[in-house]
Chemist: 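Sharing a structure, written as structure tokens. Questions coming.
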Amino acid sequence: MTKAELAREVNSEIEILTGRPGTVSERTVHNWLTGATRWPPAKIRLAIEVVLGRSPEELGFVPTNRTRTTPEEEVRRRDFITAAGGTALAAATTNTASRPRRIGTADIERLQFRFAEVIASDHRLGGRPSIESHAASLVEEVVALEEHSTATQRIRSALYACAASFASSAMWAAIDGRRFDAALQHHQKAAHLAAMSGDSGIQFRIWSHAGSLYRHLGRPGDALAANDVARTLPIARRDPLFASLGHARHAAIHGLTGDTNAVRRSLGHAQDALDRATAGAPRPVWITAFYDQAELDSLALAAHLSAGNWEDAEAHAHRSLAGRRESMQRSRAITTVRLAHAQLGQGDFEHAVSTAMAIPTEVSGHPRVTGMLTAFGTRLDDLAPRSSSAMAWTEHARTTWRIV
């Protein structure tokens with residue numbers, strides 16, 4: 001890897017972490033290699049660790065509160081420099097096979113950053129097998145770390161929570177990609193790891209995902225039962241934001257049964273809880289990264305759409321789109337397709353087709369988006385066969401996405 005290539009990779013990871021491109025240059029990398037920069041800023045250190053798979057200390061960087069470089073650190077820095085001049089940039093590590101490694105808070109923080117990176121990848125790409133396999137491999141990495149290391153009970157519990165977090169992301173990627181058998185397998189492992197962690201936050205995510213999985217499988221009874229496990233966890237009683245998400249997902253499940261009263265009741269509870277949630281309170285990255293008013297309205301849209309309440313669904317769709325974060329392009333696409341379905345249900349064929357045509361080509365390959373667009377075309381043909389709207393959609397879908 002050249003200096004320029006390393007700079008690009010690090011800048012890419014900084015953008016995933018912060019939402020803004022990094023400013024690392026070839027000169028910056030040169031300063032790392034020469035030792036002119038002994039301890040890069042925190043966001044750069046985290047990005048370097050993701051790219052190279054080694055901690056800053058293992059790469060020869062020295063914390064600013066240290067005045068001298070140890071001989072071992074100098075060897076590591078020389079190895080880093082040597083590798084940078086060759087065909088691959090890697091870091092030498094001391095042989096610790098003879099003794100267990102001690103895990104501490106810094107290791108947990110690094111794993112939590114890697115989890116944040118998986119979350120960001122999911123928001124950008126969503127549902128891809130590569131995200132699922134990457135998250136699953138991180139599960140095995142953390143489990144192996146736990147088995148071959150020493151740690152306090154608090155740190156060991158945190159390790160299990162990290163492993164469960166990665167398993168839950170593998171599970172969600174499989175759900176989002178419509179690979180439901182794989183999702184069920186990930187759920188079993190995730191639930192087991194989360195139970196050993198004692199972390200009710202990650203347990204909530206896993207069982208809430210299980211509710212979504214069964215909802216997508218058309219099994220509302222199992223979906224309600226799984227989501228109830230999430231809703232009764234301690235964190236849902238302590239934090240209104242978690243309670244709100246639990247109620248909103250319950251509403252989406254009730255939509256499958258056509259119980260409009262239950263849908264409205266659950267959405268009312270969800271809105272009340274969201275209004276009570278303290279903004280900026282410390283919470284896991286997975287929930288702060290996506291759950292807000294726009295996501296509540298998206299779940300309300302899904303609930304009313306399933307129940308056949310087309311006007312209510314359209315109203316929530318517009319509200320969700322107005323508040324969606326720009327980075328969540330896949331979620332915006334899914335909401336837009338649902339809006340098209342809601343307009344179709346009201347017989348507004350022209351607007352429905354116009355809405356569906358607005359889906360960007362770059363996100364149309366997402367499995368959920370593709371499936372929903374295909375279903376849209378089928379429903380349009382059923383409701384308005386041989387109409388100008390149906391013909392316009394068929395031509396657009398064939399030429400733009402090759403969806404017939």
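If you're wondering where the values come from, they're calculated on a predicted model, not measured in any experiment.
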Chemist: Could you go step by step and tell me if E314 and H318 meet the side-chain hydrogen bond (donor to acceptor under 3.5 Å, both in side chains) rule?
Modeler: CA-CA 6 Å; E314 181 174 4; H318 287 300; 3.2 Å; yes

Chemist: If every non-hydrogen atom of P40 is compared with every non-hydrogen atom of I48, which pair is closest and at what distance?
Modeler: CG-CD1, 4.4 Å

Chemist: Under a 3.5 Å distance rule, please check whether E132 uses its side chain to pair with a backbone N or O of A170 as donor and acceptor.
Modeler: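 Not a single qualifying donor-acceptor pair exists.
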
Chemist: Is it true that, when you exclude H134 itself, more than 12 heavy atoms of the residues, nucleotides or ligands shown sit nearer than 6.0 Å to its NE2?
Modeler: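 Result for NE2/H134: enclosed.
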
Chemist: Counting only heavy atoms not in D181 (residues, nucleotides, ligands), do more than 12 fall under 6.0 Å from its CG?
Modeler: no

Chemist: For the rings on H187 and W207, is their centre-to-centre separation under 6.0 Å?
Modeler: yes

Chemist: Any donor-acceptor pair under 3.5 Å linking the side chain of N11 with the backbone of A7?
Modeler: yes

Chemist: Report the distance from atom NE2 of H269 to atom CG of L274, rounding to the nearest 0.5 Å.
Modeler: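 Here the interatomic distance stands at 14.5 Å.
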
Chemist: For a quick check under 3.5 Å, do T288 and R283 share a side-chain donor-acceptor pair by atom type?
Modeler: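 R283 and T288 do not have a side-chain donor-acceptor pair below 3.5 Å.
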
Chemist: How close do A164 and L193 get, heavy atom to heavy atom, and via which atoms?
Modeler: CB-CB, 3.9 Å

Chemist: Please step through side-chain contact (heavy atoms from CB on, under 4.5 Å) for the pair L111 and L159, ending with a clear verdict.
Modeler: CA-CA 9 Å; L111 288 171; L159 276 173; 3.7 Å; yes

Chemist: Please tell me if the side chains of I131 and S169 come closer than 4.5 Å, counting only heavy atoms from C-beta onward.
Modeler: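 No, too far: nothing below the 4.5 Å cut-off.
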
Chemist: Answer yes if the side chains of T28 and S25 hold a donor-acceptor pair under 3.5 Å, and no otherwise.
Modeler: yes

Chemist: Is it the case that over 12 heavy atoms from other parts of the model lie below 6.0 angstrom from the CD atom of E5?
Modeler: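 Counting neighbours around CD of E5, more than 12 heavy atoms of other residues, nucleotides or ligands fall under 6.0 Å, so yes.
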
Chemist: Relative to the ring of W286, is the ring of F204 parallel (under 30°), tilted (30 to 60°) or perpendicular (over 60°)?
Modeler: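 Taking W286 first and then F204, their aromatic rings lie parallel (interplane angle under 30°).
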
Chemist: Roughly how far apart are R231 CZ and S208 OG, rounded to 0.5 Å?
Modeler: 10.5 Å

Chemist: Are I334 and M372 side-chain neighbours, meaning at least one heavy-atom pair lies under 4.5 Å?
Modeler: yes

Chemist: Just by distance, do the side chain of D122 and the backbone of A173 share a donor-acceptor pair under 3.5 Å?
Modeler: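 Side chain of D122 to backbone of A173, a donor-acceptor pair under 3.5 Å: no, none is there.
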
Chemist: Does a side-chain N-to-carboxylate-O contact under 4.0 Å join D292 and R325?
Modeler: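 Salt bridge flag = yes for R325 with D292.
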
Chemist: Between L138 and F115, is any pair of side-chain heavy atoms under 4.5 Å apart?
Modeler: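 They are not in contact (no side-chain heavy atoms under 4.5 Å apart), so the answer is no.
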
Chemist: Please report the closest heavy-atom contact between W39 and P56, naming both atoms and the distance.
Modeler: CZ3-CB, 3.7 Å

Chemist: Which residue in the set R276, Q293, H247 passes side chain to side chain donor-acceptor pair (under 3.5 Å) when paired with Q271?
Modeler: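 Passing option: Q293.
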
Chemist: Between V142 and Y160, does a side-chain contact (heavy atoms from CB on, under 4.5 Å) hold up when you go through it step by step?
Modeler: CA-CA 8 Å; V142 177; Y160 279 120; over 6 Å; no

Chemist: Does E140 pair with K189 as a salt bridge, N-O distance under 4.0 Å?
Modeler: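 Between K189 and E140 there is a salt bridge, with a charged N closer than 4.0 Å to a carboxylate O.
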
Chemist: Quick one about R205 and S200 (side-chain donor to acceptor, distance below 3.5 Å, no hydrogens or angles considered), yes or no?
Modeler: no

Chemist: What's the separation between atom CG in L339 and atom OG in S298, rounded to the nearest 0.5 Å?
Modeler: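 Here the interatomic distance stands at 11.5 Å.
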
Chemist: Taking atom NE2 as the centre, does H216 end up with more than 12 heavy-atom neighbours from other residues, nucleotides or ligands that are less than 6.0 angstrom away?
Modeler: yes

Chemist: Could you tell me the separation between the CG atom of L224 and the CD1 atom of I253, rounded to the nearest 0.5 Å?
Modeler: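 Going from CG on L224 over to CD1 on I253, the span is 5.0 Å.
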
Chemist: Tell me whether S244 contacts the main-chain N or O of L241 through its side chain, where contact means a donor paired with an acceptor under 3.5 Å.
Modeler: no

Chemist: Let me see the working for W32 and L6 under side-chain contact (heavy atoms from CB on, under 4.5 Å), right down to the final yes or no.
Modeler: CA-CA 11 Å; W32 300 341; L6 178 58; 4.0 Å; yes

Chemist: Among side-chain atoms of H30 and E26, is any donor-acceptor pair under 3.5 angstrom?
Modeler: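 No, E26 and H30 have no side-chain donor paired with an acceptor closer than 3.5 Å.
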
Chemist: State, with a plain yes or no, whether a side-chain heavy atom of F61 is found less than 4.5 Å away from one of R38.
Modeler: no

Chemist: Answer whether the closest heavy-atom distance between the side chains of H351 and Q346 falls below 4.5 Å.
Modeler: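 With C-beta onward as the side chain, the pair stays apart.
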
Chemist: For residues R215 and P220, determine if any side-chain heavy atom of one lies less than 4.5 Å from a side-chain heavy atom of the other.
Modeler: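 No. Closest side-chain heavy atoms not under 4.5 Å.
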
Chemist: Looking only at heavy atoms, which two atoms of V139 and A163 are closest? And how far apart?
Modeler: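 Distance-wise, the nearest heavy atoms are CG2-O, 3.6 Å.
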
Chemist: Are S212 and R249 packed together at the side-chain level, in the sense that at least one heavy-atom pair is separated by less than 4.5 angstrom?
Modeler: yes

Chemist: Counting the benzene-type ring for Trp, do F376 and W393 have ring centres under 6.0 Å apart?
Modeler: yes

Chemist: Please confirm whether the ring centroid of W172 lies under 6.0 Å from the ring centroid of F166.
Modeler: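 For W172 and F166, the ring centres are not under 6.0 Å apart.
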
Chemist: Using 4.0 Å as the upper bound for N to carboxylate O, is an ion pair formed by R114 and E109?
Modeler: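 Looking at E109 and R114, the cut-off is not met.
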
Chemist: Taking all non-hydrogen atoms of both residues, which atom of H186 and which atom of A174 are closest, and how far apart?
Modeler: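 So the two residues come closest at CD2-CB, 4.2 Å.
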
Chemist: Could you check if a side-chain atom of D107 sits within less than 4.5 angstrom of a side-chain atom of I155, using non-hydrogen atoms only?
Modeler: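 A side-chain contact under 4.5 Å is absent here.
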
Chemist: Taking the inter-plane angle between the rings of H254 and H250 on a 0 to 90° scale, is it parallel (under 30°), tilted (30 to 60°) or perpendicular (over 60°)?
Modeler: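 Answer is perpendicular, since the angle exceeds 60°.
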
Chemist: Looking at R324, R319, R332, which hits salt bridge (Lys or Arg N to Asp or Glu O under 4.0 Å) with E295?
Modeler: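 That would be R324.
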
Chemist: NE2 of H192 to OG of S197: how many Å apart, nearest 0.5 Å?
Modeler: 11.0 Å

Chemist: Before accepting this row, confirm whether a basic side-chain N of the pair E395/R398 lies closer than 4.0 Å to the acidic partner's carboxylate O.
Modeler: yes

Chemist: Check whether T232 reaches the backbone of V229 with its side chain - one donor and one acceptor, N or O, closer than 3.5 Å.
Modeler: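 Indeed, once roles are kept as given, a pair shorter than 3.5 Å links the two residues.
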
Chemist: I'd like to know if R330 pairs up with D176 as an ion pair, taking the criterion as any Lys NZ or Arg NE/NH1/NH2 lying under 4.0 Å from an Asp or Glu carboxylate oxygen.
Modeler: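 A salt bridge is present here (some side-chain N lies under 4.0 Å from a carboxylate O).
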
Chemist: What are the two closest heavy atoms between A251 and V263, and how far apart are they?
Modeler: O-CG2, 3.6 Å

Chemist: Sub-3.5 Å donor-acceptor pair from the side chain of R102 to the main-chain atoms of S149, do we have one?
Modeler: no

Chemist: Does the pair E350 and Q343 meet the rule for a side-chain hydrogen bond (donor to acceptor under 3.5 Å, both in side chains), with working shown?
Modeler: CA-CA 9 Å; E350 185 176 346; Q343 292 168 332; over 6 Å; no

Chemist: Once rounded to the nearest 0.5 Å, what's the spacing between atom SG of C162 and atom CD1 of I202?
Modeler: 9.0 Å

Chemist: More than 12 non-hydrogen atoms from neighbouring residues, nucleotides or ligands closer than 6.0 Å to CZ on R379, yes or no?
Modeler: no

Chemist: Over 60° means perpendicular and under 30° means parallel, so classify the ring planes of H304 and H316, tilted if in between.
Modeler: parallel

Chemist: Go through the steps to decide whether F290 and V285 satisfy the test side-chain contact (heavy atoms from CB on, under 4.5 Å), and finish with yes or no.
Modeler: CA-CA 9 Å; F290 88 101; V285 64; over 6 Å; no

Chemist: Quick one: do D312 and R264 make a salt bridge, cutoff under 4.0 Å?
Modeler: yes

